[in-house]
Amino acid sequence: MLLNCGQPLPLLRHTDVPPRVTENFILTGYRFPNYSLRDCLLSAFRPTNETGNFWTHFLPVFIFSYYFVEVFGLEGAPHSDTPFFYPMWNYFIGVFCLLMASSMAHLLNSMSLVVREVCFFVDYGTISAYTVGSSLAYYYYIHPRAGIVETGEHNTSYMDLKHEPPGAPPSSYAIPEFSVFFETFYIPCACVVAIICVLSCCNTRQKWRQHRYIIRTLVFLLPFLISSTPVFYRLLARSPYATASSSFAASTTMSNFFFRHCLWLLVSAVFNISKLPERLAPGRFDIWGHSHQWFHCCTFLSILDELHMIKAEVRAMLLSPTLLLPPATLSRLPGPTIASTYGVMLLLQTTIVTIILWFSWRANCIYGPQRDQLAKERPKKHLN
């Protein structure tokens with residue numbers, strides 16, 4: 001039955017589908033709630049109000065992958081499977097899962113009301129996993145102590161172990177008070193906040209639905225602030241690289257990419273909350289050009305600038321081999337390991353899956369009877 005053949009099912013108006021399926025100011029282009037798997041897959045190639053939502057996150061998977069692999073071709077880059085690149089691979093996993101889960105959620109959510117809920121629970125979970133993947137990349141490539149080693153009674157840059165060149169940064173670049181936060185609490189905080197976000201967003205599908213878009217947008221502001229603290233530190237402090245070095249020149253682009261990253265996030269939040277432009281002309285942007293499609297485009301552009309920002313910092317580190325993690329056996333900041341990268345993501349994903357299973361069970365209890373009723377009411381000609 002999942003792969004039944006036949007003519008494409010008719011698209012419906014908002015008055016012909018369960019209220020649970022409708023979106024504000026979107027009047028037409030709805031798929032019938034009990035689509036088969038085949039129907040859902042084929043709907044990617046016909047104009048529905050979810051077609052644009054699918055392609056605006058599915059195509060970016062390939063664009064992101066293209067720019068991601070460039071990091072392995074940077075000057076001085078080690079092999080792609082070395083520990084140095086563990087955080088980058090975790091970042092890639094986070095982004096890949098986010099884009100794929102989002103596109104599949106929009107493509108498959110018409111199989112049933114219960115499947116619709118599960119699809120978006122998974123979507124929220126991958127967003128949180130992405131934020132932790134970003135945090136791991138920030139920690140190992142933009143960490144304020146990256147490249148700083150302990151030499152006796154004070155901290156100094158590795159170059160100071162030889163002779164400080166003109167324009168070298170002061171040895172006080174790494175502030176001890178901040179070091180405690182970054183080295184002890186940064187990653188655990190990112191994980192805890194990610195879990196809180198999953199719980200909150202999943203709950204908006206069963207409670208607080210009137211303000212769900214505002215809650216979902218604001219609830220992801222906190223993980224952004226937590227994960228971006230290494231970047232804020234770098235922007236407010238002096239560069240760890242000597243001003244005359246090629247590493248300094250490479251890292252100067254970081255701030256531009258970060259500001260663009262923030263700008264795209266802000267624009268995406270405006271689209272998600274305001275529901276523009278469909279709010280101004282209900283029914284006119286049902287298929288193409290509605291706010292969720294622009295939201296997808298802006299979030300991907302923010303991710304792309306984030307990738308360029310991380311690559312700039314990786315390139316700066318690669319241009320100073322003595323600053324690679326770990327720069328020396330005296331390094332206060334340990335290099336990435338399987339446990340500190342893949343292990344963290346595995347533990348987080350296990351927790352998120354548990355949360356998704358719990359909310360999915362609740363969704364089945366709530367919408368299971370409605371799903372069965374809709375299946376009985378489905379026109380018989382669509383079952384052949």
Side-chain angles (χ1 to χ4, degrees), residues 64 68 71 87-88 90-95 97-98 124 126-148 173-175 177-198 200-201 216-240 250-270 272 295 298-317 325 333 336 340-341 344-345 348:
F64 177 82
F68 175 80
V71 72
M88 283 299 295
N90 278 267
Y91 174 65
F92 176 81
I93 292 171
V95 175
C97 291
L98 163 64
Y124 305 146
T126 56
I127 294 174
S128 291
Y130 151 72
T131 63
V132 174
S134 298
S135 299
L136 289 170
Y138 290 176
Y139 181 75
Y140 285 106
Y141 304 127
I142 313 180
H143 190 289
R145 288 185 59 84
I148 306 298
Y173 170 73
I175 302 176
E177 290 76 7
F178 287 97
S179 299
V180 173
F181 167 75
F182 286 118
E183 296 173 13
T184 307
F185 300 108
Y186 173 64
I187 296 299
C189 283
C191 293
V192 170
V193 169
I195 292 171
I196 292 174
C197 287
V198 176
S200 301
C201 286
R216 292 171 195 168
T217 301
L218 295 180
V219 82
F220 285 107
L221 177 63
L222 182 58
F224 164 76
L225 294 175
I226 295 296
S227 65
S228 298
T229 48
V231 184
F232 296 143
Y233 187 101
R234 285 292 300 274
L235 294 175
L236 297 174
R238 298 182 62 177
S239 173
S251 67
T252 54
T253 59
M254 183 200 75
S255 58
N256 293 332
F257 287 127
F258 179 70
F259 291 140
R260 279 167 41 180
H261 169 66
C262 296
L263 175 63
W264 288 123
L265 285 178
L266 177 62
V267 175
S268 68
V270 171
N272 198 38
F295 167 73
C298 291
T299 53
F300 174 66
L301 289 174
S302 75
I303 291 173
L304 203 56
D305 278 325
E306 179 185 52
L307 172 63
H308 290 319
M309 175 184 68
I310 295 172
K311 285 167 59 178
E313 286 301 294
V314 171
R315 181 169 179 266
M317 297 179 69
L325 301 178
L333 177 64
S340 66
T341 54
V344 169
M345 286 292 281
L348 175 72

Value rounded to 0.5 Å, distance of CG in Leu221 from CD1 in Ile226: 10.0 Å
Gap between atom OH of Tyr141 and atom CD of Glu313 - 0.5 Å precision: 11.5 Å
Point-to-point distance, once rounded to the nearest 0.5 Å, from CG of Leu222 to SG of Cys189: 9.5 Å
Side chain to side chain, Pro87 and Tyr139, heavy atoms closer than 4.5 Å: no
Verdict with reasoning, Ile303 to Tyr130, per side chain to side chain contact (heavy atoms under 4.5 Å, CB included): CA-CA 10 Å; Ile303 291 173; Tyr130 151 72; 3.7 Å; yes
Closest contact, heavy atoms only, Pro230 versus Ser227: CD-O, 3.2 Å
Residue Phe232 excluded, over 12 heavy atoms near CZ under 6.0 Å: yes
Parallel, tilted or perpendicular, as decided by the 30° and 60° cut-offs, for the rings of Phe182 and Tyr233: perpendicular
Among Val95, Leu136, Val344, Val132, the one residue meeting side chain to side chain contact (heavy atoms under 4.5 Å, CB included) with Asn90: Leu136
Pairs meeting criterion salt bridge (charged side-chain N to carboxylate O under 4.0 Å, His left out) with involvement of residues 132-143, two or more places apart: none
Which atom of Cys201 lies closest to which atom of Tyr124, heavy atoms considered: O-CE1, 3.5 Å
Side-chain touch Leu348/Ile195, heavy atoms, less than 4.5 angstrom: yes
Closest contact, heavy atoms only, Ser128 versus Thr131: O-OG1, 2.6 Å
4.5 Å side-chain heavy-atom contact, Met317 and Ile142: no
Partners meeting side-chain hydrogen bond (donor to acceptor under 3.5 Å, both in side chains) with Ser200 (sequence neighbours left out): none
With Phe259 via ring-ring contact (aromatic ring centres under 6.0 Å, His included) - residues at least two apart: none
His308 side, atom NE2; Thr253 side, atom OG1 - distance, nearest 0.5 Å: 10.0 Å
Spacing of Cys97 atom SG and Phe92 atom CZ [to the nearest 0.5 Å]: 9.0 Å
Where His261 and Asp305 come nearest, the two heavy atoms and their spacing: N-CB, 4.0 Å
ring-ring contact (aromatic ring centres under 6.0 Å, His included) assessment of Tyr138 paired with Tyr91: CA-CA 10 Å; Tyr138 290 176; Tyr91 174 65; 7.7 Å; no
Distance in Å, Ile310 CD1 paired with Tyr140 OH, rounded so as to fall on 0.5 Å steps: 14.0 Å
Met345 and Thr341, any side-chain heavy atoms less than 4.5 Å apart: no
pair Leu235-Met254: side-chain heavy atoms closer than 4.5 Å: yes
Cys262 vs Leu266 side-chain heavy atoms within contact, under 4.5 Å: no
Where Cys298 and Trp264 come nearest, the two heavy atoms and their spacing: O-CB, 3.4 Å
Aromatic plane relationship, Phe64 with Phe68 - under 30° parallel, 30 to 60° tilted, over 60° perpendicular: parallel
